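The structure under discussion appears below in the form of structure tokens.
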Amino acid sequence: MSAGPGPRLARSLAAPAPGWTAEADAIVVGSGIAGLTAALELRTHVPRVLLVTKGRLLSGSTVWAQGGIAAALDPSDSPGAHLADTLAAGGGLSDPEAVQVLVTEGPERVRELVARGAVFDKAADGDIALTREGGHRADRIAHAGGDATGAEISRALVAQIEAVRHDPGIEVVENALVLDVLTTTPMGGRGGSKESSVRACGVTLHVRGTGSRDGVGAVLAPAVVLATGGIGQVFRSSTNPAGATGDGIAAALRAGATLGDLEFVQFHPTVLWLGTGAKGQVPLISEAVRGEGALLLDVDGHRFMPAVHELAELAPRDVVAHAIQRQMAATGADNVLLDARHLGREFLRTRFPTINRRLLEAQIDWSEEPVPVAPAQHYHSGGVVTDLDGRSSVDGLYAVGEVACTGVHGANRLASNSLLEGIVFAYRAARDIAARFDAGELKPGVPAERPGGSGLVAAAARSRIQKVTSAGSGVIRSARSLAEVDERLAAVRADAHLADEVMAEPQAAEWETTNVHQVARALTRAAALREETRGGHYRTDFPKPVEAWKRRVRVWLDDDGVLQAR
């Protein structure tokens, strides 16, 4: 089962020639849990590490993670039980070997977070307090600050980076957007093969600042680690920050890497509904709220989840999101209600201080009234296909965290496995790079020119791309809706000189919008190919899982820059 040739995409972004050049032994792009972990671990093994972040160090997506980090830390729990829950949530597509790595190495990585200074909430006996979220059959979610786990982990890891900021072995470049991954040879259409003559040898980036690291430059290094996070801004509304424009996935695609599982987008069931005009980043109401006993009601006050799944409100996220979507359609409403009133004002204030504050800012007192919620894009289970050490199909190019497709999540991510995946596989990638560096396998290379340095999409087109993708490639899809998305995305002109009569200049907004456009096209192509419903991929024309589709859909660019899928 394969698709014919798709659209031709630019194989590099139009940009000024690099005005400066730097060298390193390893480049890490991103400052979430995966990027920070990779940089800290690499610093102890290779001489020169460059950490690049799109904003400030504390601007990574990890900061926004509320619920917690999942690991079998309780003696009554086990990695085997965690593995079983992860495989069940993954809809039959999780890689058991990758999940085994996650659950067995995870507890030690969490303990290392504590050693690095992360302070998790404690139980009465002094041990780390553990709670439960959807899809888990044991209490294994460690949390911090009630509902500020990501912020606390980020704080601790950034503090570690700041402590070595003057170490000549590590350099941090903030406010830098990575444009393209440099390779030593022209890319080739390998159709998902692990073998490739292409080798990563650095990145081009644009730094918004002053001094020698300003404007477009090139950093050469034999190892590049992408830890750029997700694709939230491909959609009209998302829990992701504004910087989540799919930069790493798009850059990897242009460099010749194989992508996988792009069609599996997790829409969080309970995102604060702020009206039909809401767009951009929207507040998340953590799954941990339902873990503590909150109930889902439709707008008529009817509790509907017990009839859908044995775990009711704690069913896997895809099940809950689809159930909410169906209930909204049945009642003609734009939202459902999350009822936490019975938990009490003091409990809600102390257990979920961040959510409580955001709801009060929206003039909602959830101790007195149910909270209007609806599904919104939250997490992407697909990305750059990697092995268990973070290696992509391009030698020297690694991917960790949400930008990677490790096989852990399959068709649907189990709650709170994302932070764990980031830290476990970032650690493994750093160790692999260090071992290969010591063995002389990773050596500097000379970048080859790649064609296609044009095709910029004007920033003004982003809202149209988001609206089109959300409508046809969102929570519920069909052959017709996906074909419409593909046609309408094709109508978005990608021209470096003129796009829909709006000038597209080589600058940050255009580079990001081009990445959003390319990711939307690749995701839609993968979703159209998978003719079944599984996990985060719901097709009304193919409403059941099909055994023949119990495999990964891979997407790549061929030698001519044509998008291929199989």
Side-chain angles (χ1 to χ4, degrees), residues 9-29 38 42 46-50 52 173 176-206 216-228 247-259 384-387 389-400 403-404 429-430 432-454 518 555-562 564:
L9 302 180
R11 285 172 43 189
S12 62
L13 294 177
W20 53 271
T21 303
E23 295 183 0
D25 298 304
I27 303 167
V28 179
V29 186
L42 280 167
V46 300
R48 298 170 301 172
V49 178
L50 185 78
V52 179
V173 180
L177 170 64
V178 166
L179 305 181
D180 282 303
V181 174
L182 298 173
T183 55
T184 56
T185 60
M187 58 176 283
R190 291 163 306 288
S193 169
K194 287 296 297 178
E195 299 300 323
S196 170
S197 60
V198 177
R199 187 156 59 88
C201 61
V203 298
T204 53
L205 68 164
H206 178 258
V216 175
V219 182
L220 304 181
V224 176
V225 182
L226 297 176
T228 51
D247 306 326
I249 289 180
L253 178 66
R254 291 191 296 266
T258 300
L259 310 181
V384 182
V385 175
T386 69
D387 66 9
D389 292 316
R391 299 189 193 187
S392 76
S393 57
V394 175
D395 190 25
L397 179 62
Y398 292 71
V400 293
V403 70
D432 186 71
I433 291 170
R436 297 183 68 197
F437 185 83
D438 290 342
E441 292 181 24
L442 294 175
K443 298 178 180 179
V446 177
E449 290 188 12
R450 286 212 310 271
S454 61
Q518 290 191 345
V555 176
W556 70 98
L557 290 182
D558 67 14
D559 288 328
D560 297 318
V562 176
Q564 304 285 350

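Since this is a predicted model, take the numbers as computed values, not measurements.
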Run V198 and T184 through side-chain contact (heavy atoms from CB on, under 4.5 Å) and show every step you take.
CA-CA 6 Å; V198 177; T184 56; 5.9 Å; no
Could you walk me through whether V181 and L397 pass the side-chain contact (heavy atoms from CB on, under 4.5 Å) check?
CA-CA 8 Å; V181 174; L397 179 62; 4.2 Å; yes
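Considering OG of S392 and CG of D387, their distance stands at 9.0 Å, rounded to 0.5 Å. To the nearest 0.5 angstrom, R391 atom CZ is 4.0 Å from D432 atom CG. Distance check: L42 CG to F437 CZ gives 10.5 Å after rounding to the nearest 0.5 Å. Remark: T386 OG1 to Y398 OH distance equals 11.0 Å, nearest 0.5 Å. Atom CD of E449 is separated from atom CG of L182 by 11.0 Å, given to the nearest 0.5 angstrom. Atom CG of L220 sits about 7.5 Å away from atom CD1 of I27, to the nearest 0.5 Å.
For A223, the side chain to side chain contact (heavy atoms under 4.5 Å, CB included) test picks out A26, I433, L442, with sequence neighbours left out.
V446 is not listed as a side-chain neighbour of C201, based on a closest heavy-atom distance of 4.5 Å or more. Between V385 and L259, the closest side-chain pair of non-hydrogen atoms is not below 4.5 Å. Taking the side chain as every heavy atom from C-beta outward, L9 and L557 approach each other to under 4.5 Å.
Across all non-hydrogen atoms, the minimal contact from A218 to P18 is N-CB, 3.8 Å. Here the closest non-hydrogen pair linking A429 and G390 is CB-CA, 4.4 Å. Contact detail for A430 and A38: the closest heavy-atom pair is CB-O, 3.9 Å. The two residues V384 and I249 make their nearest non-hydrogen contact at CG2-CA, 4.4 Å. When all heavy atoms of G248 and V403 are compared, the pair lying nearest together is C-CG2, 3.9 Å. Nearest heavy atoms, A255 versus T183: O-CG2, 3.9 Å.
Applying the side chain to side chain contact (heavy atoms under 4.5 Å, CB included) test between V52 and each of T228, V224, L205 identifies L205 as the sole match.
With respect to D395 and R436, a salt bridge is recorded, a charged nitrogen being found less than 4.0 Å from a carboxylate O.
Judged by distance alone, the side chain of Q518 and the main-chain N or O of R254 form no donor-acceptor pair under 3.5 Å. Judged purely by atom type and a 3.5 angstrom limit, D25 has no side-chain atom pairing as donor or acceptor with the backbone of V46. Using a distance-only test at 3.5 Å, with no hydrogens or angles considered, a donor-acceptor pair links the side chain of S393 to the main chain of T258. Looking only at distances, no side-chain donor or acceptor of R48 sits under 3.5 Å from a matching main-chain atom of A221. Under the 3.5 Å distance criterion, the side-chain polar atoms of R199 are matched with a main-chain donor or acceptor of K443. At least one donor-acceptor pair under 3.5 Å links the side chain of T204 to the backbone N or O of D180.
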